[in-house]
Each structure stands twice: as structure tokens, then as C-alpha cells.
Number of protein chains: 2
Amino acid sequence: MFSIGKLSGSTGVKVPTIRYYEQIGILEEPDRSEGGQRVYGEEAKKRLSFIRHARELGFSLDEIRELLDLADDPNQNCMAAYEIAKRQLIEVRNRIARLTALQGELQRMLDQCSCNTIGTCRIIQVLSDHSLCTSEHLGTEAGCKAS
Amino acid sequence: MFSIGKLSGSTGVKVPTIRYYEQIGILEEPDRSEGGQRVYGEEAKKRLSFIRHARELGFSLDEIRELLDLADDPNQNCMAAYEIAKRQLIEVRNRIARLTALQGELQRMLDQCSCNTIGTCRIIQVLSDHSLCTSEHLGTEAGCKAS
DNA sequence: TCTACTTCCTCTAGTCGCTAGAGGTTCAAG
DNA sequence: CTTGAACCTCTAGCGACTAGAGGAAGTAGA
């Protein structure tokens, strides 16, 4: 029996995130104390750990919802889980490929920069002119900075 | 002199995205036709191509704003641009490292799955129990599926 | 028991980089 | 002159949280 803070501490999932998971329905509504505060048991902890681990492995919350449904029914065939994981693996591979192309391009940019004035700066030049790039780095691999 | 549609076609940036860039101030407000429609010149096209290319290379719009400011002043020292690009390269390297760990873990999960029932499914087991993982895959590399 | 302090509650709004849609106007071709 | 595409503004939504306001509940020490 723990409070949301203890649950957070023991799983590494932040308190507002736990409440968010409850809100979107991937975590059950827990019992409440007399004063109305959330009280969790072991089952909730297991479920939250599962979610956290799956998030770390890059699964979306929708995929996790599916995986949790599967996990709740131990007699089902696990082909569906296999498919979800396989899709994720392919996704990860693609992202690695795109990022590797980016890495090469960035490295080349930096290598060629002699750090004089902006007017002659290779970095600015390359950004201005895609044709100066060697590889294709076309993936939309942008805007998802890890925190 | 082109309309927003032509600009979109020649740069590969979608029309609403161009308007969005204007709204957040990284693209100048263009002249307007008598009827009030946007009319762009070569300069806008160059700037938008720059933005697009930088986005492809994974820079955030804030970083692009900085890079554009730098590009506008050709006498400045390009150290600042170098730093921005270097930061980005480090970021990309980190993401590759995290994703590679994920990839390994997912692969291992799939390899061990014999596809019987959920009750014995290795995928579900691994997700339930982090200690079954070999490598550390702790990065928050989640939720940013490429489109 | 009182007090102080931490933790908890709900609610709303913001993050990033767009994307979608409503409801209306302008433009270009035939 | 008509048609239909492209344009306009505005608001709201996506995913997965994060931040903050304003207040209630729980807990540890005096």
C-alpha cells in the first residue's frame, strides 16, 4: 500500500505522469484514502513498471495499451505481441539509419568549417545548399530531442 | 514572384507549414497581392530552403532561428554556428547510441520468442521485468516516431 | 495537540512542430 | 462570366508529457 509519491519513487515514473496515465486510461483508477488521496498496491506497481519499461523500449502508449491487453490474457497466442515488437524493431532500425546519415553530414560540415567569418562558413553554406550534401538525409527525423 | 503554393512546390515545405513559420517569426511577412494573398520573391525561397534543410538535419526551430541570424551577418565569426552544429552532432550521436541499445534489446526479445501463448511469451516477460535485459537502454528515446 | 512542512489534490495551460478542418475570399483558365 | 482550384483566417488537435495555481490532506517533531 503506497501513496503516489512512493509509487513514483519505486518505479521512476514521475507523479504527474502517473496521474496522466490514469487519465488516459492505461492505468486503473486506484483506491483512495479517506481524504481522497490515491493508494496503490503491488498490482499497480507491476503494471506501471511494465509501462515504463515498454516506454523505454520506444513503444507508444497505444502500443502499450495493446500489449497490456495481451498480457492480461495469458492463454492467447502471442503472435500479436510479436508483431508489435517487430514493427517497433523495424522502426528503430529506420531511425538509426536516418540518424546515421545525419551524423555523417553534420560531421562533414564540422570538419570543413575553418571557423573564420560567417561569409565563408561551411556550415552556413551547407545549410543554404542541399547539393553540397553527399548522402541522402531525407528522413523527417527532426524535432524529437530526447530530454 | 510566386504564390504560397508555388513556393511550397519548389521547396517541398507544405503550405500550412510556411504560414506557421511566418507566424512564429522565422520567416518574414511577405508582400501581399491586391486581394491579400501572399507573394514571395527569391529571397524568401532561399530562406525557406535553408530552414527546410536545417530541419532535415535535425535542428530545432530555435536553433534555426539562431543560425539564420548568424547567416544574415556575414562578417561575424562563425564560432557560434560551429557550436550549434557540434551540439547537434553530439545529440545525434547520443540518440544513435540509445537507439542501438534498444535495437539490441528488441532483437533479443524477438529471437527468444517461441510464439506460444502469452503466458510463456518472452516479449511480455521481458517487458514485465527489466532485469531480463542485458544492456542499459535508459534513454528517453520514446514517443518520437518519424512520420 | 499544535504547528510546520511535505505531499497530495484538481484544474488549466503550455511544450514542439506541425496538421486538419471550418467557413469564406481571390485568382486564373476557359 | 462561370467554375474550380488555390488562397485567406481562425481554432483545435496530435503525443506524451510538464508546469503552475490554489488549496486540502497527511506526518513528524515539540
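Numbered from 1 within each chain, the chains take letters A, B, ... in sequence-line order.
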What is the separation between atom [atom1] on [X] and atom [atom2] on [N], rounded to the nearest whole Å?
{"X": "Tyr21(B)", "N": "dC16(C)", "atom1": "OH", "atom2": "P", "value": "14 Å"}
{"X": "Lys6(B)", "N": "dC27(C)", "atom1": "NZ", "atom2": "P", "value": "14 Å"}
{"X": "Tyr20(A)", "N": "dC14(D)", "atom1": "OH", "atom2": "C1'", "value": "10 Å"}
{"X": "Ile18(B)", "N": "dC7(D)", "atom1": "CD1", "atom2": "C1'", "value": "12 Å"}
{"X": "Arg55(B)", "N": "dT19(C)", "atom1": "CZ", "atom2": "P", "value": "10 Å"}
{"X": "Phe2(B)", "N": "dA6(D)", "atom1": "CZ", "atom2": "C1'", "value": "17 Å"}
{"X": "Glu34(A)", "N": "dT7(C)", "atom1": "CD", "atom2": "C1'", "value": "18 Å"}
{"X": "Gln23(A)", "N": "dT10(C)", "atom1": "CD", "atom2": "P", "value": "10 Å"}

Could you please name the option among [options] that lies closest to any side-chain atom of [X]?
{"X": "Thr17(B)", "options": "dC18(C), dC17(D), dC7(D)", "answer": "dC18(C)"}
{"X": "Ile4(B)", "options": "dT7(C), dC7(D), dT19(C)", "answer": "dC7(D)"}
{"X": "Leu61(B)", "options": "dG17(C), dA16(D), dG26(D)", "answer": "dG17(C)"}
{"X": "Lys14(B)", "options": "dC18(C), dT19(C), dT10(C)", "answer": "dT19(C)"}
{"X": "Val15(B)", "options": "dC18(C), dC7(D), dT10(C)", "answer": "dC7(D)"}
{"X": "Gln37(B)", "options": "dT18(D), dC7(D), dA16(D)", "answer": "dC7(D)"}
{"X": "Arg19(A)", "options": "dC9(C), dG26(D), dT19(C)", "answer": "dC9(C)"}

Please give me the minimum heavy-atom distance between Leu110(B) and Ala85(A), naming the atom from each residue.
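Shortest heavy-atom separation between Leu110(B) and Ala85(A) comes out as CD2-CB, 3.8 Å.
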Looking only at non-hydrogen atoms, find the nearest pair between Leu102(A) and Glu56(B) and report the distance.
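So the minimum-distance heavy-atom pair works out to CD2-O, 3.1 Å.
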In the single-linkage hydrophobic clustering (I, L, V, M, F, W, Y; side-chain heavy atoms under 4.5 Å), do Met109(B) and Met79(A) co-cluster?
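Result: yes, single cluster for both.
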CG on Leu132(A) to CD on Gln125(A), rounded to 0.5 Å
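If we round to the nearest 0.5 Å, Gln125(A):CD and Leu132(A):CG are 7.0 Å apart.
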Please walk me through it: do Ser60(B) and Asp62(B) pass side-chain hydrogen bond (donor to acceptor under 3.5 Å, both in side chains)?
CA-CA 5 Å; Ser60(B) 73; Asp62(B) 264 356; 5.6 Å; no
Select base, sugar-phosphate, or nothing to describe what Arg38(A) touches, counting heavy atoms under 4.0 Å on all strands.
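If one applies the 4.0 Å heavy-atom cut-off, Arg38(A) turns out to touch the sugar-phosphate alone, with no base involved.
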So, does Ser3(B) get its side chain near the phosphate of dC7(D), meaning an N or O under 4.0 Å from OP1 or OP2?
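Yes, because at least one side-chain N or O of Ser3(B) sits under 4.0 Å from OP1 or OP2 of dC7(D).
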Can you tell me if the side-chain N/O atoms of Ser33(B) get under 4.0 Å from OP1 or OP2 in dC27(C)?
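Checking Ser33(B) against dC27(C): at least one side-chain N or O falls below 4.0 Å of OP1 or OP2.
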Closest-nucleotide ordering on DNA chain D, the 5'-leading residue of Pro16(A) and Gly35(A)
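Upstream on the strand: Pro16(A).
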